[in-house]
Amino acid sequence: MQVPEIKTRPDLSTLTAQLQGDVLTDAVSLGIYATDASIYQIRPLAVILPKDEDDVRMTVAWAREKKFSILPRGAGTSLAGQTVGHSIILDFSKYMNQTLEINQEEGWVRVQPGKVRDVLNEELAPMGLHFPVDPATSSRANVGGMVGNNSSGTKSIIYGKTVDHIIAAKVLLADGNVLHLKNTDPETYQQIATQPSREGEIYKKFKQIIDQQKDLIKEKFPKVMRRVGGYNLDEFVYTDQWNLAKLITGSEGTLATTLELKLHLEPLPKFKSVCVVHFSSVLDAVGSVTPILKYKPSAVEILDKIVVDLSRENLTTSRHCHFISGNPEAILIVEFYGESVKDVMDRPTAMIKDLQEQGLGYAYPLFPQGPAYEDVWVVRKKGLGLMLGIKGKKKPLPFIEDAGIPTEHLKEYIDRTLQICKKHGTDVAMYAHVSVGVIHVRPILDLRQEADIQRLKAIAEETFDLVMEYGGSWSGEHGDGLVRSAFNERFFGKEIYQAFIQVKQLFDPENLMNPGKIVEAQSIEHNLRYGTAYKDRNVNTHFRYKTEQSFQESVHMCTGVGECRKLIGGTMCPSFKATQDEEHSTRGRANALRMAMSGQLDENGLESERLQETLALCLSCKACKSECPSNVDMAKMKSDVMQIYFDKNGARLRDKMIKNAPVMASKFSGFLASPINAIQSSTLFRKSLEKIAGIDQRRKLPAYAPEPFFKWYDKNKKGQFKSDKKVVLFADTYLNYHEPTVGIAAVKLLNDCGYEVIMANVGCCQRPKISHGFLREAKRDGLTTLSGLVSYIDQGLDIIVCEPSCASALNDDFPDLLEEDNLAKKLKTHVLMIDVFLAREMDKGNLTVRLKAKTDQLWVHGHCHQKALYGTQAMKKALLDQDTFSEIPSGCCGMAGSFGYEKEHYEISEKIGQEILFPAIAQTPNNATLAACGFSCRHQIDHFTGRKAKHWVECVEVVPD
């Protein structure tokens, strides 16, 4: 059944001319799609993003004619390697992602396969319904992929798996036939089976397979609920109501291509609570599951010490970890659903008393539904990515993590599994669904080392034997793919395995559908993303990558879990949200960087022009540094790669203009401001600038101030407020030469709060140079700025910054450009956003006054760097009447420094803002005050909405006595 590998790229010109969707055949695109979240890499033949069903049919027909295999794919978050192969990939996520019909009364929905699960549930929530299957990747998981994988998740103890919710499926066979699969009674099934059609043949022969193996299926399929290995033959031996959509579920794209799905919905739970039980021993935590289950929780999840500690360190999750007490070796997150508040609080209260009496656990914080409840689940959902992002060459790998064990044997199984790993000198990390016997044990290995490849094989073999001994499932949730399919014959026995082959041949006789998965599979160690032949080239960088250990390891921190592909919530990744192109996700860029630096892209490596195209839509928003579970800092890596590119190819005029913008600002503000502003606002100037430098003529460059801030300060210095409490206000380029009103407001606010303000007019923070790849010059010129700031820091003074991008340059970027760790530490500790400083002073008891908004409604848009590195809650925390503060959940505004000014990026800049920010502003009352701390954010808002936003310091004042 093996399909020979095609050595040459197929000619898709004929097919491309027929399709409405996208066709990707270049080396970067193919390399990006060569991986998922697994340990594997196989370069596809081509990638098709079909616009509609006609595109799918034409692609499948063309592939069949050419004898190319077909691989349906969604978000590509597979942990088992289901979504990589030497095939024509059909990516449904960009276009075929619509909700087709919702029947609220009957509780079902009809969707295209590319629909994202959380997006679907956002649509259903107003109706009181949801699709309850909730894998950790639900923010980007496509429903078609969830069906293909038979996904489950944290709530499977009450909601089961995807197969329990599938009602019908419209699928396309490789031979071009379309099947409408739904529930059939025996009489209807028999009528279909007697028809002289492809559908009739499948129904007839499939029944023969089941009838022949019925008793053996009952015997061989594991009796645990979490079982997704092989084909779902066991769905047809305990009932006479057959639905072949349940066979397609979990088939990993090996039988047919899904065109449409009809899914059962559940009512949203009325009330929820969560209890976090802390343990000093992992095995005690595992052993507590049985007594917990009698209280009927909706979920019981385990996180071990590694994941807990990583959660406390991660920029995003650390803000949510308030519920963790002490230093537990493991925690159990126990959730309850119920019909009343009393119900969801009484059951966990009784559980806590029971555990205490048995001496199980040491802390039991309990939260009803609300912010604290949500914090717990943020930490749990990001646990997988956090664990995979462990720094260093060794990573927690998914290959034995999917075992589903009867809960009564779970503690013993985990104990023996840990002993196996210890015997092979391998540490582990653990998390997941202890309620249903699925604890994801991840051995920590480096597959670039032959010794660790041998450990991979040995640990897999010995653990497999344990699973068989305890009557568990080898594939409990993540499926077979490339990592477990080779075990299927041993797991199910020869007879059932032959039945799988018969099913595969019945639906796909030419073996064109995702070959090599479930049956006829490779062994575990082949086609590794990182094997012994993998080698990184030396990379000379300007950032030191102190936390990541090196540029190379920074790239390798991306594990493929795809958090950057989420479409709702957060800021990461603005360009992916706008384009829905894999290339413009953080994961896509990281894969391109990995290929370039390992010689898998082209001979130019990191100097490649094509690589620059891949990085071009990175807005350097830094959201990935906090929202990516692995803290991949793409903005930093992009800057280094741009410097490498400039060193070989030189910089464009536009890049040089942006680099020198602070120098120009210092020259053009003051008495030249008025004529310069008039000139650059003129139509002739803007048209000329577009032609010469690619600055879109629809934009007006920021105006220069007739009086720079530092001159205002000098004029008013004698009358300044004096105090023993002193702070230093950094005079950034924007505040100094474009909007002195921000600096003046900051001085007044700090004075009114009791602080004497010293102005630091010591030069640019070097943000334009850093973000545009002029790192050598940024470091050279920035040392002058830093020298001026450190002279104040050494006096025990804090440096207060109003512009978020300047703050991030000084206390995030520069510390990693410096060799001197002590200086870097000073910058990280003593350079603060003004709102963060005031909130901190309030916590310390140093702030004897409180603030209030100047208007009854203050609507705030957070700058990307502000949200990523510092958070926006300090702006609210400092206010006495916090009800006046409303934050727009706006993601990125789309300007991102110069990005929105660049002609080729104007439309996408607008589209990013249109996602949430501009419509939200349109809904705000006209008498509300808009606040945006980012200079570029204020200009973007003004340009596209006509509303004038102010800096936060201009919007608040001290509460009068």
Side-chain angles (χ1 to χ4, degrees), residues 35-42 71 77-85 135 145 148-152 161-163 220-222 224 226-234 249-255 384 396-405 413 417 420-421 432-433 436-443 445 447 453 455-494 496-497 499-501 503-504 514-529 560:
T35 59
D36 48 19
S38 72
I39 59 178
Y40 297 105
Q41 175 175 306
I42 303 175
L71 200 169
T77 58
S78 161
L79 290 162
Q82 292 98 321
T83 59
V84 297
N149 194 58
N150 196 8
S151 297
S152 45
K161 307 185 294 291
T162 301
V163 72
K220 292 292 186 179
F221 271 73
V224 292
R226 295 295 286 273
R227 59 191 191 281
V228 299
Y231 294 119
N232 290 327
L233 305 187
D234 56 331
T249 305
S251 65
E252 303 184 0
T254 62
L255 302 181
L384 167 62
L397 301 181
F399 64 101
I400 64 167
E401 90 293 356
D402 210 30
I405 306 298
Y413 166 79
T417 299
I420 289 171
C421 294
H433 323 297
V436 287
V438 181
I439 297 182
H440 298 320
V441 180
R442 297 290 185 90
L445 300 169
L447 297 186
I453 293 176
R455 290 187 180 97
L456 172 94
K457 294 163 64 177
I459 291 171
E461 287 290 335
E462 293 177 40
T463 307
F464 175 79
D465 290 341
L466 275 187
V467 173
M468 295 291 286
E469 178 182 336
Y470 287 115
S473 168
W474 186 230
S475 296
E477 174 180 24
H478 297 154
D480 293 332
L482 295 171
V483 76
R484 276 177 286 274
S485 291
F487 291 87
N488 275 339
E489 184 170 7
R490 290 157 58 191
F491 185 85
F492 289 99
K494 289 185 177 180
I496 296 299
Y497 184 72
F500 290 164
I501 290 177
V503 169
K504 167 69 171 172
N514 201 9
K517 318 300 192 308
I518 299 183
V519 296
E520 302 293 334
Q522 65 176 42
S523 54
I524 190 172
E525 76 280 9
H526 292 97
N527 291 305
L528 297 173
R529 185 192 310 191

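All values derive from a computational prediction rather than experimental measurement.
- Annotation: the span from Ile39 atom CD1 to Leu482 atom CG amounts to 9.0 Å, rounded to 0.5 Å.
- When each of Lys161, His433, Arg226 is checked for a side-chain hydrogen bond (donor to acceptor under 3.5 Å, both in side chains) with Ser152, only Arg226 meets the rule.
- The shortest distance between side-chain heavy atoms of His440 and Glu477 falls below 4.5 Å.
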Evaluate Ile439 against Thr417 for side chain to side chain contact (heavy atoms under 4.5 Å, CB included), listing each step before the verdict.
CA-CA 11 Å; Ile439 297 182; Thr417 299; over 6 Å; no
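- Listed here is the closest heavy atom pair of Gln82 and Gly481: CG-CA, 3.6 Å.
- Rounded to the nearest 0.5 Å, atoms CZ (Arg484) and NZ (Lys517) are 13.5 Å apart.
- Looking at every heavy atom in both residues, Ala37 comes nearest to Pro398 through O-CG, 4.3 Å.
- Remark: side-chain polar atoms of Ser475 are not paired, donor with acceptor, to backbone N or O of Val228 under 3.5 angstrom.
- Side-chain contact between Ile453 and Leu528 is present, with at least one heavy-atom pair separated by less than 4.5 Å.
- The CG atom of Asp465 lies 7.0 Å from the CD atom of Glu461; values are rounded to the nearest 0.5 Å.
- Ring orientation note: the planes of Phe221 and Phe500 are nearly perpendicular, at an angle over 60° on the 30°/60° scale.
- Checking side-chain atoms of Asp402 against main-chain N and O of Gly479 turns up a donor-acceptor pair under 3.5 Å.
- Side-chain contact between Phe399 and Ile459 is present, with at least one heavy-atom pair separated by less than 4.5 Å.
- Rounded to the nearest 0.5 Å, atoms CD (Glu401) and NE2 (His478) are 5.5 Å apart.
- When every heavy atom of Pro222 is checked against every heavy atom of Phe491, the shortest pair comes out as CD-CE2, 3.9 Å.
- Not a single donor-acceptor pair under 3.5 Å links the side chain of Asn150 to the backbone N or O of Thr249.
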Can you list the steps and then say if Val436 with Val224 is a side chain to side chain contact (heavy atoms under 4.5 Å, CB included)?
CA-CA 8 Å; Val436 287; Val224 292; over 6 Å; no
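- A donor-acceptor pair under 3.5 Å is formed between the side chain of Asp480 and the backbone N or O of Gly230.
- By the 4.5 Å heavy-atom criterion applied to side chains, Thr463 and Tyr413 are counted as neighbours.
- Of all heavy-atom pairs spanning Ala499 and Leu233, the tightest one is CB-CD1, 4.1 Å.
- At least one side-chain heavy atom of Pro443 sits under 4.5 Å from a side-chain heavy atom of Ile400.
- Put simply, the side chain of Asn149 never gets that close to the backbone of Ser78: no donor and acceptor are under 3.5 Å apart.
- Between the side chain of Ser523 and the main chain of Glu525, no donor-acceptor pair closer than 3.5 Å is present.
- Ring geometry, Phe464 versus Trp474: the interplanar angle exceeds 60°, so the pair is classed perpendicular (tilted spans 30 to 60°).
- The distance from atom NE2 of His526 to atom CD1 of Ile42, rounded to the nearest 0.5 Å, is 11.0 Å.
- The shortest heavy-atom contact between Ala521 and Ala486 is CB-N, 3.9 Å.
- The CG atom of Leu445 lies 6.5 Å from the CG atom of Leu456; values are rounded to the nearest 0.5 Å.
- Contact record, Tyr470 with Ile405: CB-CG2, 4.3 Å, taken as the closest heavy-atom pair.
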Test side chain to side chain contact (heavy atoms under 4.5 Å, CB included) on Lys504 and Glu520 and set out the steps.
CA-CA 10 Å; Lys504 167 69 171 172; Glu520 302 293 334; over 6 Å; no
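- Looking at Ser38, its side chain never comes within 3.5 Å of a backbone N or O of Ala80 through a donor-acceptor pair.
- Side chain of Tyr40 to backbone of Ile524: a donor-acceptor contact under 3.5 angstrom is found.
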